[in-house]
Amino acid sequence: MRNTKAFKDAVAQTLAELARRGVTIGPATVEDSVERSMRVVSNQLGIQVRSAWRYFDAATLAEGLAASLRKFEEGGDKEDAGEAPMPPVDNPELAVILASVPDTLAQTGGDLFSVIINVAVNAWQAGHIHGEDGCPGCEGARGPSGHDWDARMQAVTRLQPDITKWFDRDVWTDALTKSGFTVTHL
């Protein structure tokens with residue numbers, strides 16, 4: 001599908017519509033969205049993808065992508081936070097994990113893979129202790145006889161990290177820059 005003129009035109013039209021809206025989204029993301037959209041249309045209508053192009057509307061797709069980006073940038077609703085597998089927004093352990101990223105990047109010499117593994121493992125462990133992974137072997141074990149999540153959070157809080165600052169994108173980006181690294185898109 002991606003090697004067709006119709007696909008390339010659809011991507012170009014969608015990028016132009018996004019630009020008209022003042023929204024910048026990478027071409028790879030737009031390509032994935034166009035492909036997904038056309039496959040959905042073709043499957044729902046029971047037609048071949050090449051026939052589904054007549055239903056493509058770059059303006060509609062661009063508006064949907066722009067709305068998704070706005071919702072992401074706004075951070076979503078507070079009531080959505082804390083749903084599995086995301087720990088509560090004010091979770092001190094999550095703040096410590098976020099705070100460790102710039103340090104880990106500096107310690108590993110910029111090895112992003114190691115940083116991601118470190119964050120993933122620590123976030124999974126935090127979620128596991130919180131009970132968000134639904135681990136059937138741990139149900140009933142969280143508490144005095146097993147994983148005591150409250151005690152763990154109190155221990156992390158006693159370390160007195162400034163928990164809320166790590167949920168501020170500008171603070172995190174500044175710490176990352178001070179570690180000697182930046183994230184850039186090529």
Margin query: What I'd like to find out is whether the side chain of Thr14 reaches to under 4.5 Å of the side chain of Val34, using heavy atoms alone.
Written below: yes
Checklist line | Heavy-atom donor-acceptor pair, Ser33 side chain to Thr29 backbone, under 3.5 Å | finding: yes
Next item on the list: Determine the minimum heavy-atom distance between Leu69 and Thr24, stating which atoms define it.
Entry: CD2-O, 4.2 Å
Item checked: Minimum heavy-atom distance Asn3-Lys8, with the two atoms named -> O-NZ, 4.0 Å
Item checked: Smallest separation among heavy atoms of Phe7 and Met1, with atom names -> CB-O, 3.2 Å
Next item on the list: Please round to the nearest 0.5 Å and tell me the distance separating atom CE of Met38 and atom OG1 of Thr4.
Entry: 9.5 Å
Notebook entry, point to check: Which atoms form the tightest heavy-atom contact between Leu15 and Ile25, and what is the distance?
Noted result: CD2-O, 3.7 Å
Note to self: Any carboxylate oxygen within less than 4.0 angstrom of a Lys/Arg side-chain nitrogen, looking at Lys5 and Asp9?
What the structure shows: yes
Checklist line | Distance (rounded to the nearest 0.5 Å) between Arg2 CZ and Glu31 CD | finding: 5.0 Å
Item checked: Taking every non-hydrogen atom, the tightest pair across Glu17 and Ala62 -> CB-CB, 3.4 Å
Check: Do Gln13 and Asp57 come close enough that some side-chain heavy atom pair is under 4.5 Å?
Finding: no
Notebook entry, point to check: Is it true that Arg20 and Glu63 make a salt bridge, defined as a side-chain N closer than 4.0 Å to a carboxylate O?
Noted result: no
Next item on the list: Kindly give the heavy-atom pair with the smallest separation between Val23 and Ala66, and that separation in Å.
Entry: CG2-CB, 3.9 Å
